[in-house]
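For reference, the structure is listed below as structure tokens.
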2 protein chains.
Amino acid sequence: MKKSVFVKNVQIGGGAPVSVQTMTNTPTYDVKATVDSVNRLSEAGADIVRVSVPDLRSVAALKKIILETEAPIVADVHFDPDIAVAAVEAGAHKLRLNPANMPERAIKNIACAVKERNIPVRIGVNAGSLKKSVSPVRLAEITADAAKRLEDSGLTELVLAVKSSDVKATVEAYRALDKMSRHPLHIGLTEAGTERSGSVKSAIAIGALLLDGIGDTLRVSLSGDPLKEVMWGYRILRAAGVRNDFAEVIACPTCARTEIDVTAFAEKIESITANCRKQLKIAVMGCAVNGIGESRGAEIAVCGGKDKSLIFKGGKPYKTVENSRIFDELTELIKEKIGE
Amino acid sequence: MKKSVFVKNVQIGGGAPVSVQTMTNTPTYDVKATVDSVNRLSEAGADIVRVSVPDLRSVAALKKIILETEAPIVADVHFDPDIAVAAVEAGAHKLRLNPANMPERAIKNIACAVKERNIPVRIGVNAGSLKKSVSPVRLAEITADAAKRLEDSGLTELVLAVKSSDVKATVEAYRALDKMSRHPLHIGLTEAGTERSGSVKSAIAIGALLLDGIGDTLRVSLSGDPLKEVMWGYRILRAAGVRNDFAEVIACPTCARTEIDVTAFAEKIESITANCRKQLKIAVMGCAVNGIGESRGAEIAVCGGKDKSLIFKGGKPYKTVENSRIFDELTELIKEKIGE
């Protein structure tokens, strides 16, 4: 298990649930816009919100933003160590640095400020930020080396990231880094693209790592509204089986054997269970081929038949109903289960 | 490398590109509807189309469907060995069986028909079709054993699948099966659900396997229009880096540092390159932080600045243009590259 750090009240690593991060894209100096954005993102489920701090004007704004929001705030600072120190002193709950663009000699000063405030630092090395292209394993080594240097300056509360815009390279880099370090890992793909292409690439990269048990916090980076990043973060965590506090609807893909309108039932059931925060597996199956087996593995299920269908409850056949009654029967069982 | 088989003119395994499959959901006995569906799916890029053959009426239809379509057709038969034999004799280009629901004693007859026609057989064991739930490794063993029995009956042209509706279990089962067998693998998640949830689960399961180099043909099973299955199949292949014959738009997620409208540019460029069938990497980056590095790795790129931005060509700085000129400059370079 990885070591753990706290970003305000959110634990990363040490067995804590994988947290979902995102980043505002309002100008940070615009306090009102950024506060509104941070609050909207927290409400949507973002556990941690990062803001870019490119200049002193943004540092002044950061101080106000932190006072006016509840979310743990990460300050993202590049190039200028004085800004990094100022962001820490302004109250950032975590500092994100890219060692590739921060002067080595300045690390000591930053370390001093960070230790005084007792906050964690994320070292995020992005393939795109390096002077020349390197292998995934080398990217991991560069990051582990940077972590070592920070440790030598007395910083032990670290989170590491090694992002690339290539899915395979990202997965290889994290697998290598996971073996090299006990610091918790922030996973994600960088410059993933628009929602259309970026969500699939992120799902594969983040999903493959989560299946390996790698990743303590994540960000799905997408161009556009950061709200989508939060939504995709949860979708990926759920699909990878890492978070189970929701209603999962299993549905067969429908074929010529299908006896009932599987898609319509599945979509209706997804709608009525959208806000369910309990683990619940519901199967909607068009016929008996895989229907019986899948129904046995679900809390609530229907296995379609020609005029009548078989409803399952707790994995066991419960009753046979007219096909016109299926939705009402399922709804009743769902209400019973989620205690509405 | 896996052995290879041919489904009509499409090679599976032996280093062939990973093919995309889907399955019709029209009633197979409705020849016209099914022919239309097969043709529409082939046009959308489906390399192989499967149809369910549940009864003798569908066998008669299958014969006509095969005559009226170009696509390789797989007959999906359950429970009844006589139907399986009849489907093979009707001209199916591949037979899909689930050994868990086909009587053992009938395998010899089926093998005879298959050998005479010289077509491959896919053995697809779905977790949901078994009498009791088994571990992923056991699922793989059951499938490898079934393959062994078919080999003993003289059938060597096999494709294997071990699907489950659980992402992690599916990945584990395929990783195990990959080690056990040299037969090509048909990968996918079964009963994945509606497009909304099923696409993410399929992307993770199929994507994780493709990154491992596992998978010779795939199906994304989703409830609803099978056209979506084809579309998602290609999205996953591309995102996993398995198919490179398209224009990939890399875009930064935008933050307070962003100087240009990255999302708008990226989406516009995705639109104008949607039909590109050449490998082309285009980067749209909002600022210099990761912009320079990502631009170096792309054929065409823009790295945003305050009023003027830097255009890259062939990974090298090409020219600085007013921000109002960015889109025209990129379009020109893209046209030059894809030879329009």
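Below, chains carry the letters A, B, ... as their sequence lines are ordered, and counting in each starts from 1.
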Counting only non-hydrogen atoms closer than 4.5 Å, does [X] touch chain B with its backbone (N, CA, C, O), its side chain (CB onward), both, or neither?
{"X": "A/I250", "answer": "both"}
{"X": "A/K228", "answer": "neither"}
{"X": "A/F79", "answer": "side chain"}
{"X": "A/V249", "answer": "backbone"}
{"X": "A/V289", "answer": "both"}
{"X": "A/T26", "answer": "backbone"}

Task: Residues which pass side-chain hydrogen bond (donor to acceptor under 3.5 Å, both in side chains) with A/T22, listed by chain and number, not counting sequence neighbours - done: A/E229
Best-contacting candidate, [options], against chain A by heavy atom pairs under 4.5 angstrom:
{"options": "B/T34, B/I236, B/L209, B/N101", "value": "B/I236"}
{"options": "B/E172, B/R296, B/R257", "value": "B/R257"}
{"options": "B/G293, B/S221, B/C252, B/G207", "value": "B/C252"}

Determine the option with the most heavy-atom pairs under 4.5 angstrom with chain B, choosing from [options].
{"options": "A/A239, A/A127, A/S133", "result": "A/A239"}
{"options": "A/D76, A/T194, A/V167", "result": "A/T194"}
{"options": "A/A208, A/A283, A/G224, A/G291", "result": "A/G224"}
{"options": "A/N126, A/D261, A/T28", "result": "A/N126"}
{"options": "A/M23, A/R50, A/K201", "result": "A/K201"}
{"options": "A/R235, A/R238, A/R196", "result": "A/R196"}

- [ ] Using a heavy-atom cutoff of under 4.5 Å, enumerate the residues of residues 51-58 of chain B that contact chain A, numbered in order, or state 'none'.
- [x] B/S52, B/P54
Could you check whether any side-chain heavy atom of [X] comes within less than 4.5 Å of a side-chain heavy atom of [Y], counting everything from C-beta outward?
{"X": "B/S165", "Y": "A/K281", "result": "yes"}
{"X": "A/N25", "Y": "B/T258", "result": "no"}
{"X": "B/T190", "Y": "A/E294", "result": "yes"}

Task: Of A/L211, A/L210, A/I204, the residue whose pairing with B/I204 passes side-chain contact (heavy atoms from CB on, under 4.5 Å) - done: A/L211
